[in-house]
Engineer: 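First the structure, then my questions, so here it is.
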Amino acid sequence: MDFTQPKPATALCGVVSADGKIAYPPGVKEITDKITTDEMIKRLKMVVKTFMDMDQDSEDEKQQYLPLALHLASEFFLRNPNKDVRLLVACCLADIFRIYAPEAPYTSHDKLKDIFLFITRQLKGLEDTKSPQFNRYFYLLENLAWVKSYNICFELEDCNEIFIQLFRTLFSVINNSHNTKVQMHMLDLMSSIIMEGDGVTQELLDSILINLIPAHKNLNKQSFDLAKVLLKRTVQTIEACIANVCISVYISSNDGEERLAVVRLLAKLFGSKDSDLATQNRPLWQCFLGRFNDIHVPVRLESVKFASHCLMNHPDLAKDLTEYLKVRSHDPEEAIRHDVIVTIITAAKRDLALVNDQLLGFVRERTLDKRWRVRKEAMMGLAQLYKKYCLHGEAGKEAAEKVSWIKDKLLHIYYQNSIDDKLLVEKIFAQYLVPHNLETEERMKCLYYLYASLDPNAVKALNEMWKCQNMLRSHVRELLDLHKQPASEANCSAMFGKLMTIAKNLPDPGKAQDFVKKFNQVLGDDEKLRSQLELLISPTCSCKQADICVREIARKLANPKQPTNPFLEMVKFLLERIAPVHIDSEAISALVKLMNKSIEGTADDEEEGVSPDSAIRSGLELLKVLSFTHPTSFHSAETYESLLQCLRMEDDKVAEAAIQIFRNTGHKIETDLPQIRSTLIPILHQKAKRGTPHQAKQAVHCIHAIFSNKEVQLAQIFEPLSRSLNADVPEQLITPLVSLGHISMLAPDQFASPMKSVVANFIVKDLLMNDRSTGEKNGKLWSPDEEVSPEVLAKVQAIKLLVRWLLGMKNNQSKSANSTLRLLSAMLVSEGDLTEQKRISKSDMSRLRLAAGSAIMKLAQEPCYHEIITPEQFQLCALVINDECYQVRQIFAQKLHKALVKLLLPLEYMAIFALCAKDPVKERRAHARQCLLKNISIRREYIKQNPMATEKLLSLLPEYVVPYMIHLLAHDPDFTRSQDVDQLRDIKECLWFMLEVLMTKNENNSHAFMKKMAENIKLTRDAQSPDESKTNEKLYTVCDVALCVINSKSALCNADSPKDPVLPMKFFTQPEKDFCNDKSYISEETRVLLLTGKPKPTGVLGTVNKPLSATGRKPYVRSAGTETGSNINANSELSPSAGSRSREQSSEASETGVSENEENPVRIISVTPVKNIDTVKNKEINSDQSTQGNISSDRGKKRIVTAAGAENIQKPDEKVDESGPPAPSKPRRGRRPKSESQGNATKNDDLNKPVSKGRKRAAGSQESLEAGNAKAPKLQDGAKKAVPAERQIDLQR
């Protein structure tokens, strides 16, 4: 029944009964506007009590009071100005809804809306708990909640307006004065609306969620708590609504701030400790995870910050978060990468089980981030984890094992170039890996087992760290020494240079220079400060004294008025680097005691995860390193007694390290510890005579370093050893040869002459010129050390002995150096087989080639011998870097770099690295390039730091390597035809390999300078063969290629050269007067081909001894990282899983004659000599692996390309395809033909003869044409006429 609104005249009468009157409860008179407000309140109270006492079963009363119920909903009451009236009416209406439930007496939707909005407005009275009417307001709330009266509104179209008003009212009135009953009734009221309705609109949801925002929380914490509890209670209903709302925002909103607000909200919902929203609503969770990739930076940042709470409160979600954090760890924004680290580290510090290995891996990666702030956060975070779980063992052994890699990773960072990284590693080491504030015994135990558990690279880094700190201490010591000298210009200049060196070892060297200068001024003015600093760097300074000195110096320099003092911070950096906070005499004693316990078997080695043997060995290695940096701390009888005990142990490495410690620290043993001396001498004698080669070397050096009567001691070793040399027992020769070599080097005045007869009669004639044993013909180009024959090891040591003997004499008065150089050259020409009897194995020949090349390089470090090394001998030495054996190339390059970087070798030897462009292995080329970068950088820095170096620019300036390189490439045995485009491409690759590094910067107009050098060379002749036109033509051709490259790569090369370059007279003649050489030796077409880089038909790498035949030999393949030069036999079957792809690539390459490297294809070529001989038959090793070779019409036979990694291996002879003509004969590389040398190029009577140069080029595989078993291939008649007869030689290298 629809009740119409009463007309104005009868508005107060409401809807009357049948008799026209409203029935009121007994004692209640009519309520109209004619009565006073007080009277109205009095009557309404009685009505309230009546309705309060009624229940739903009172049907008669319900019918009786129906008009009154309708009357109370009239406008008069709903809009009454008196709040007490409104409250009483609201209470009545609430009871009416209770009594008439489930059907309300009001059928008009508009009326229902007005009523509920009216009731909602009255609920605002709940705010004041001290109000006299609060109990009625509470009754109203309780009644509404209990009856769920508002559920009637679900039938209204605009019910959402009522609900939003109700929710806002309740959240606004809740306060800390309310008890739990009020909160519970509010929750009941609101939750019933949420859970029993058809859904929650976004506006209603907003009215709840807005209370979770921090700003609202700060204003009314009770509303925050109410909203939080409401969400938990209605989570199953409301989460779908939240998902729908949030997803719609994600999809529709282009406003980043809006998405950010939603992310913050969801982060609270998902991250809350008891929330299972992520598992209950996966679509919403996935949608939220998508915000990790949001385009808006603050959104991504907020997502990352959420991850920390999520990991800690919901470990089960770590898997979902991992992939998104991985992407964000590579975010272009530095702040986000930083926060990813903070997120992971924070969770890991709470509990390591919360983060998986993948998450820790992200932090590990960021230790190499391009931004310092990110790197620092990652390094410090990992350090804290290591200290917590490894050092303190807070979560047991399993957790410690999980993060055990951290120590190695942190120390590896010391290899980085940035001084900031190095300083942070030092700080981490002192505070986290081995905390310096621990007691000495505990600190040394920590260091002892840390050192034993580090990987080799981390050990090297730690050793380098101590070395750098020690070097800086020495710089500061030298600076203090300069302060003691009288002031002079030279003193000031030396002091300035020292200050610049010190500044380089501090953060931000530019600013550090100013601070270091200021510190130097303070030192000059403050004598007490100088004395404190001298004590700090004194060898006898203890760790406790160092700590006191650092604090005292910092206190003196501090300025109370300057809270942030960059000058003081810089000085602290310096003091922290030079202060001996870990090692002193007490610490060394503690280390020795730990090692003694390991030897006795009473240490905690096994508990620390280290075997006793490893602990002893690494402990002694640690002591050996510290003996270099802190030698004074070792000087005690107790320490030396323990070292003597180590000398008697069976472990060779332990004894060797102990001898070296004595050598480094024992300078006062003779005077202060005679008992130690008397015990040590016989042990050193025994090690020098019968120890390992390394022990013998250290024993001889130890005797020479610490004993005053060293001549007598060395003579007692030299004489019996020199008399007992016997080449028939090579295994007993190695140690004596080592000892004799080092004795002759250390005491040349005493032993140079006696050694000469040993060299002439035994070393050369008896040992090097004879092959007593036959090597194993297994086809390997390299064998492990333990598989090398004793005879070859003895020969290698014999070569080293020759070098040490000459280095000791440092003169060539007896011409012994000339003879030795000819012997070494003959060794290289004969490819390591000096006797040419073919009794020596391929791997042994590789060892001897390496030894000979290294020996020439070693002699070149001595100026008097460098002068007599001929260009031919230099070229032979250089070609070792292109040896066919990977290990030979690798070790030779390392030795070359080591000598160059120390400025020990002449500049011309840097040109050898240009030949590395021919190396087929990518890693070797990359290593060579890094070596060049390092060498060039060091030389340029040396010139800047040493003003006097300008007088020696010819030997220091990196650009002066260009003429040496041009000359070396002009004499490259692969360069036989000056107009051959393929060969010119190879030359260009080698030139650019060097020039690319040199031309990185145009310092002092260096591009024009290099161009001028190349132009000037064209005005000279080749000093090696000045009258040979072909030789000069090749030289000029290489110059033109160099000019072509320089012109094409630099627009600045046409400027005027700053100075006229000087060319080395050893390689170039003086320019002739009126000689003009403006001829271009490469055609325009060739120039275009070289610069445009058409696909190459041949590779950078040439053949091994091109003019010689090696049927079936396979070339190297340039790999992208899997080639390690493992010299294995290719005839063993490849596993299908590992080799299928390689075999496919090999078959493809065999059709084209090039390698798999598209940029720089490799082709091995050779020329087959002609004789009337039959085709070679395949040697039966693994016939199913045999493949037929092809002959290239232009450059010789194409060879089959091996699978990646199949380096230094042999394959059986293979038939030659005779369909094509052979390439023309070329001058022979390698051993001289017997027609010239009569089969022996190395006998004494031939040492004075010139030898032809040779190089064994890198090759992928080889095969043996063994003497007496191989038949030369038969060629076509036309080929016989075209190629002159030449002896075929074994090319299996």
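Only heavy atoms go into these numbers, but all of them, side chains included; no hydrogens, no water, no symmetry mates.
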Engineer: Kindly indicate, with the supporting measurements, whether the criterion side chain to side chain contact (heavy atoms under 4.5 Å, CB included) is fulfilled by F762 and S722.
Structural biologist: CA-CA 10 Å; F762 178 78; S722 60; over 6 Å; no
Engineer: So, do W805 and P748 sit near enough that their side-chain heavy atoms are less than 4.5 Å apart?
Structural biologist: no
Engineer: Could you verify whether a donor N or O on one side chain and an acceptor N or O on the other, from S773 and E791, lie under 3.5 Å apart?
Structural biologist: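 Present: a donor and an acceptor within the cut-off.
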Engineer: Taking the side chain as every heavy atom from C-beta outward, state whether C916 and I881 have any pair of such atoms under 4.5 Å apart.
Structural biologist: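 The answer is yes, as the side chains (C-beta and beyond) meet within the 4.5 Å cut-off.
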Engineer: Distance alone, cut at 3.5 Å: any donor-acceptor contact between the side chains of S830 and D833?
Structural biologist: no
Engineer: Do W782 and I891 have side-chain heavy atoms sitting under 4.5 Å apart?
Structural biologist: yes
Engineer: Is there a donor-acceptor pair closer than 3.5 Å between any side-chain N or O of D651 and the backbone N or O of K653?
Structural biologist: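 Answer holds: yes.
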Engineer: Please give me the minimum heavy-atom distance between S739 and A696, naming the atom from each residue.
Structural biologist: OG-CB, 3.3 Å
Engineer: Are any side-chain N or O atoms of Y909 and backbone N or O atoms of F874, one a donor and one an acceptor, separated by less than 3.5 Å?
Structural biologist: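 The answer is no, because no donor-acceptor pair under 3.5 Å joins these two groups.
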Engineer: Is R889 close to P920 at the side-chain level, that is, under 4.5 Å between some pair of heavy atoms?
Structural biologist: yes
Engineer: Heavy atoms only: give me the nearest L905-A860 pair and the separation to one decimal.
Structural biologist: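 L905 and A860 have their closest heavy atoms at CD2-CB, 3.8 Å.
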Engineer: Between F718 and P754, which heavy-atom pair has the shortest distance, and what is it?
Structural biologist: CE2-CB, 3.8 Å
Engineer: Determine whether S789 and D844 satisfy the following criterion, side chain to side chain contact (heavy atoms under 4.5 Å, CB included), listing intermediate values before the conclusion.
Structural biologist: CA-CA 8 Å; S789 67; D844 289 345; 3.2 Å; yes
Engineer: Side chains of S816 and L806: does their closest heavy-atom pair fall under 4.5 Å?
Structural biologist: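 Yes, their side chains come closer than 4.5 Å.
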Engineer: Nearest 0.5 angstrom please: R663 CZ to H701 NE2, how far?
Structural biologist: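 R663 atom CZ to H701 atom NE2 measures 5.0 Å (nearest 0.5 Å).
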Engineer: Give a yes or no on whether K689 atom NZ has more than 12 heavy-atom contacts from other residues, nucleotides or ligands under 6.0 Å away.
Structural biologist: yes
Engineer: Under 3.5 Å, is there a donor-acceptor pair between the side chain of K810 and the main chain of L807?
Structural biologist: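 Yes; at least one donor-acceptor contact below 3.5 Å.
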Engineer: Tell me whether N761 contacts the main-chain N or O of S757 through its side chain, where contact means a donor paired with an acceptor under 3.5 Å.
Structural biologist: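 A pair under 3.5 Å: yes.
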Engineer: Charged N to carboxylate O below 4.0 Å: is that the case for K918 and D972?
Structural biologist: yes
Engineer: Between Q698 and H742, is any side-chain donor less than 3.5 angstrom from a side-chain acceptor?
Structural biologist: no
Engineer: Would you say the side chains of S846 and D883 form a donor-acceptor pair under 3.5 Å?
Structural biologist: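 Side chains of S846 and D883: no pair found under 3.5 Å.
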Engineer: Using 0.5 Å steps for rounding, measure from the CG atom of N726 to the CD atom of Q732.
Structural biologist: 8.0 Å
Engineer: Compare all side-chain heavy atoms of I659 with those of I683 and state whether any distance is below 4.5 angstrom.
Structural biologist: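 In short, these two side chains do not touch, never coming nearer than 4.5 Å.
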Engineer: Indicate whether any N or O donor in one side chain lies under 3.5 Å from an N or O acceptor in the other, for Q890 and H927.
Structural biologist: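 Note: Q890 and H927 side chains miss the donor-acceptor criterion.
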Engineer: Specify the closest pair of heavy atoms between C702 and L684, including all atoms of both residues, with the distance to one decimal.
Structural biologist: SG-CD1, 3.8 Å
Engineer: Do the side chain of S744 and the main chain of G741 share a donor and acceptor less than 3.5 angstrom apart?
Structural biologist: yes
Engineer: Testing the basics here: between G853 and V880, what is the closest heavy-atom pair and its distance to 0.1 Å?
Structural biologist: CA-CG2, 4.0 Å
Engineer: What I'd like to find out is whether the side chain of L900 reaches to under 4.5 Å of the side chain of L904, using heavy atoms alone.
Structural biologist: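 No, every pair of side-chain atoms sits at 4.5 Å or beyond.
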Engineer: Give a yes or no on this: more than 12 heavy atoms of other residues, nucleotides or ligands lie within 6.0 Å of atom NE2 of H866.
Structural biologist: yes
Engineer: In sequence, state the C-alpha distance, the side-chain angles, and the governing distance for L848 and L834, and then conclude on side chain to side chain contact (heavy atoms under 4.5 Å, CB included).
Structural biologist: CA-CA 9 Å; L848 291 171; L834 196 57; over 6 Å; no
Engineer: Got a salt bridge between D785 and R847, using NZ or NE/NH1/NH2 to carboxylate O under 4.0 Å?
Structural biologist: yes
Engineer: In the structure I gave you, are the side-chain heavy atoms of V888 and L781 within less than 4.5 Å of one another anywhere?
Structural biologist: no
Engineer: Any donor and acceptor pair, going by atom type alone, linking the side chain of R849 with main-chain N or O of L828 inside 3.5 Å?
Structural biologist: no
Engineer: Are there more than 12 heavy atoms of other residues, nucleotides or ligands under 6.0 Å from atom NZ of K800?
Structural biologist: no
Engineer: Working to the nearest 0.5 angstrom, can you tell me the gap between L737 CG and R804 CZ?
Structural biologist: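 One gets 9.5 Å once the value is rounded to the nearest 0.5 Å.
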Engineer: Calculate, to the nearest 0.5 Å, the distance between atoms CD1 and CG belonging to I717 and L740 respectively.
Structural biologist: 9.5 Å
Engineer: Once rounded to the nearest 0.5 Å, what's the spacing between atom CG of N818 and atom CG of L823?
Structural biologist: 12.5 Å
Engineer: Between Q875 and Q1024, do the side chains contain a donor N or O and an acceptor N or O under 3.5 Å apart?
Structural biologist: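 Distance-only check passes for Q1024 and Q875.
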Engineer: Going by atom types alone, do T835 and D771 pair a side-chain donor with an acceptor below 3.5 Å?
Structural biologist: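 A pair is found: one side chain offers a donor N or O, the other an acceptor, under 3.5 Å apart.
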Engineer: Tell me if the CD atom of E786 is crowded by more than 12 foreign heavy atoms within 6.0 Å.
Structural biologist: yes
Engineer: Is a side-chain donor or acceptor of Y865 paired with a backbone partner of N811 at a separation under 3.5 angstrom?
Structural biologist: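 Between the backbone of N811 and the side chain of Y865 there is a qualifying donor-acceptor contact (under 3.5 Å).
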Engineer: Does G691 offer a backbone N or O that forms a donor-acceptor pair with the side chain of T735 under 3.5 Å?
Structural biologist: yes
Engineer: Report the distance from atom CD1 of I743 to atom CG of L721, rounding to the nearest 0.5 Å.
Structural biologist: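 Going from the CD1 atom of I743 to the CG atom of L721 covers 6.5 Å.
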Engineer: Test your reading of the model: is there a side-chain donor-acceptor pair from Q695 to the backbone of D652, 3.5 Å cut-off?
Structural biologist: yes
Engineer: Return yes if some donor-acceptor pair links the side-chain N/O of D919 with the main-chain N/O of N882 below 3.5 Å, else return no.
Structural biologist: no
Engineer: Apply side chain to side chain contact (heavy atoms under 4.5 Å, CB included) to residues V654 and L647 and explain how you reach the verdict.
Structural biologist: CA-CA 7 Å; V654 169; L647 279 176; over 6 Å; no
Engineer: Closest approach of I799 and A852, non-hydrogen atoms and distance?
Structural biologist: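 The answer is CD1-N, 4.5 Å.
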